[in-house]
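Predicted model, so just to flag it, every value in this text is computed and none were measured. Below, chains carry the letters A, B, ... as their sequence lines are ordered, and counting in each starts from 1.
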There are 2 protein chains.
Amino acid sequence: MSDTFAIGELGRATDTKVETVRYYERIGLLSQPRRTSGNYRAYDRGHLNRLSFIRRSRDLGFSLDQVRALLDLADQRDRPCEAVDEIARGHLAEVERKIADLEALRDELRGMVRQCGHGSVRDCRIIEALSPGDARATAPG
Amino acid sequence: MSDTFAIGELGRATDTKVETVRYYERIGLLSQPRRTSGNYRAYDRGHLNRLSFIRRSRDLGFSLDQVRALLDLADQRDRPCEAVDEIARGHLAEVERKIADLEALRDELRGMVRQCGHGSVRDCRIIEALSPGDARATAPG
DNA sequence: GCTTGACCCTGTAGTTGCTACAGGGTCCAT
DNA sequence: ATGGACCCTGTAGCAACTACAGGGTCAAGC
């Protein structure tokens with residue numbers, strides 16, 4: 001039963017590329033692990049848990065700065081969790097805004113695609129929808 | 001009646017930063033304009049139209065590569081517009097996928113925020129939801 | 001004991017789509 | 001002639017990785 005892991009094992013366990021693990025270390029998100037005699041990184045369960053937390057947060061769309069804040073807060077076990085709540089709420093609002101934007105976009109694209117008459121580019125409604133009203137764009141010289 | 005524009009005017013007309021216009025020129029998306037005796041860029045209506053097309057496409061979330069393809073297609077007026085349709089459909093599919101992802105995300109975040117008991121971080125459901133099942137993450141050394 | 005191959009190391013540069021300087025030149029009005 | 005608004009080139013920065021190059025380490029197999 002290995003209680004330490006090489007970087008590759010850690011990566012496989014958390015679905016993270018080795019380069020990404022090293023990147024997290026470089027930017028101070030993941031602490032520097034002990035090194036073996038051959039200068040290999042040797043991670044423990046704490047690292048595994050912390051990296052899992054980071055990856056799950058990233059999957060949920062939190063930025064690295066937000067993840068950093070969440071980790072800091074998670075470490076201060078006695079503090080009220082309002083700050084945590086605020087980050088999550090802020091992120092939720094952001095996600096809802098993005099969804100609304102993308103839905104508007106989707107509707108426009110659907111309209112464009114629906115109107116496509118499959119004729120020549122000359123009569124293409126999609127190009128038309130993208131072009132300015134009066135004149136046509138010209139190619140670069 | 002100016003029929004040429006300085007870069008700043010072009011930028012204001014298309015809601016584009018001057019640096020961005022120059023960037024589009026550098027990557028070959030916008031053709032190099034004529035220069036004045038003082039080496040200032042002098043744009044014409046063709047440039048204005050082309051840049052409008054680019055900006056509108058970007059607003060609709062097309063990548064610069066997709067915009068480049070659309071511009072190439074728009075210039076080949078006799079070709080069938082199927083390739084245009086395909087790019088638009090591809091992008092639409094991409095947008096729909098993103099919406100679905102974000103909706104799943106939103107639901108998870110809503111669940112997290114709803115469960116927040118406003119206690120201490122020790123009992124924070126949000127942190128809990130982000131943490132791996134068995135053990136807690138530890139701070140970097 | 002030597003080789004092979006999988007893994008690890010550092011350091012740097014690339015990705016996307018801009019944005020922000022620094023350090024100058026031009027142009028026009030006063 | 002001087003001020004300020006504009007323009008020029010070139011380079012570096014942002015997020016969040018990813019992809020090398022050019023080496024070192026380690027365990028297995030012969």
Side-chain angles (χ1 to χ4, degrees), chain A residues 2 4-30 32-44 47 50-51 53-71 87 90-91 94-95 98 101 105, chain B residues 2 4-30 32-44 47 50-51 53-71 91 94-95 98 101 105:
Chain A
S2 75
T4 71
F5 325 92
I7 196 168
E9 294 174 280
L10 191 72
R12 275 188 296 278
T14 57
D15 199 24
T16 311
K17 294 223 162 79
V18 163
E19 289 94 338
T20 306
V21 177
R22 286 196 282 244
Y23 169 71
Y24 288 159
E25 179 183 322
R26 202 162 62 244
I27 64 170
L29 212 55
L30 204 55
Q32 295 183 357
R34 182 175 87 63
R35 297 293 181 116
T36 67
S37 56
N39 200 30
Y40 282 22
R41 289 170 177 81
Y43 294 99
D44 60 25
H47 290 103
R50 198 171 176 91
L51 182 54
F53 185 106
I54 295 169
R55 294 304 283 178
R56 170 119 179 88
S57 303
R58 293 289 301 129
D59 281 352
L60 286 175
F62 289 96
S63 72
L64 285 184
D65 264 6
Q66 287 173 322
V67 174
R68 206 185 295 270
L70 285 171
L71 281 167
I87 293 173
H91 183 45
E94 206 179 294
V95 167
K98 267 186 204 162
D101 284 356
L105 194 56
Chain B
S2 75
T4 71
F5 325 92
I7 194 167
E9 294 174 279
L10 190 72
R12 277 189 294 280
T14 56
D15 198 25
T16 311
K17 294 224 161 77
V18 164
E19 289 94 338
T20 306
V21 178
R22 286 196 283 248
Y23 169 71
Y24 287 160
E25 179 183 323
R26 202 162 64 243
I27 63 170
L29 212 55
L30 203 56
Q32 294 183 359
R34 185 175 85 63
R35 296 294 181 116
T36 68
S37 56
N39 201 30
Y40 282 21
R41 287 170 179 83
Y43 294 99
D44 60 24
H47 290 103
R50 199 173 176 88
L51 182 54
F53 186 105
I54 295 169
R55 296 303 283 177
R56 170 117 178 89
S57 303
R58 293 287 303 129
D59 281 351
L60 287 175
F62 288 95
S63 72
L64 286 183
D65 263 7
Q66 287 173 322
V67 175
R68 206 186 294 271
L70 286 170
L71 282 167
H91 183 45
E94 209 178 292
V95 167
K98 268 186 204 163
D101 284 356
L105 193 55

- prompt: Considering only dT19(C), dC17(D), dC20(D), which nucleotide approaches the side chain of Arg58(A) most closely?
  reply: dC17(D)
message: Strictly below 4.0 Å: does Arg22(B) bring a side-chain N or O up to OP1 or OP2 of dT9(D)?
response: no
message: Could you check whether Arg55(A) and Tyr24(A), counting side-chain N and O atoms only, form a donor-acceptor pair closer than 3.5 Å?
response: yes
task: May I ask you to evaluate whether Arg35(A) reaches the phosphate of dT10(C), defined as a side-chain N or O under 4.0 Å from OP1 or OP2?
output: yes
field: Approximate separation, where rounding is to 0.5 Å, of Arg22(B) CZ and Arg41(B) CZ
entry: 5.5 Å
query: For the pair made of CZ in Arg68(A) and C1' in dA15(D), what is the distance, rounded to whole Å?
result: 12 Å
- request: Could you walk me through whether Glu25(A) and Val21(A) pass side-chain contact (heavy atoms from CB on, under 4.5 Å), step by step?
  value: CA-CA 6 Å; Glu25(A) 179 183 322; Val21(A) 177; 5.9 Å; no
task: Locate the shortest heavy-atom distance separating Ile27(B) from Arg68(B); write the atom from each residue and the value.
output: O-NH1, 3.0 Å
query: Between dG14(C) atom P and Ile27(B) atom CD1, what is the distance in whole Å?
result: 17 Å
message: Need one value for Thr36(A): base, sugar-phosphate or nothing, where a base atom within 4.0 Å counts as base even if backbone is also close, heavy atoms only.
response: nothing
query: From dT18(D), dT19(C), dC27(C), pick the nucleotide closest to the side chain of Lys17(B)?
result: dT19(C)
- line: Heavy-atom nearest nucleotide on DNA chain C taken for Arg12(A) and for Tyr23(B); more 5' hit belongs to Arg12(A)
query: Backbone N or O of Thr20(A) within a donor-acceptor pair of the Thr16(A) side chain at under 3.5 Å?
result: no
message: Between Tyr40(A) and Arg26(A), which residue's closest nucleotide on DNA chain D lies nearer the 5′ terminus?
response: Arg26(A)
field: Under-4.0 Å side-chain N/O to phosphate OP1/OP2 contact, Thr20(A) with dT18(D)
entry: yes
task: Take atom CD of Glu19(B) and atom C1' of dG17(C), then tell me their distance rounded to the nearest Å.
output: 13 Å
query: Starting at OH of Tyr43(A) and ending at C1' of dC7(C), how long is that distance when rounded to a whole Å?
result: 14 Å
- prompt: How would you label the contact of Ile7(A) with the nucleic acid (heavy atoms, under 4.0 Å): base, sugar-phosphate, or nothing?
  reply: sugar-phosphate
- prompt: Asn39(B) side chain: which of dC8(D), dT18(D), dC8(C) is closest?
  reply: dC8(D)
Length of the CD-P vector between Glu9(A) and dA27(D), whole Å: 12 Å
task: Report which part of the nucleic acid Arg41(A) touches: base, sugar-phosphate, or nothing (heavy-atom distance under 4.0 Å, all strands).
output: sugar-phosphate
field: Under-4.0 Å side-chain N/O to phosphate OP1/OP2 contact, Tyr24(A) with dC17(D)
entry: yes
message: How many whole angstroms separate atom CG of Asp65(A) from atom P of dC17(D)?
response: 12 Å
Atom-to-atom span, CG of Leu64(B) to C1' of dT19(C) - whole angstrom: 14 Å
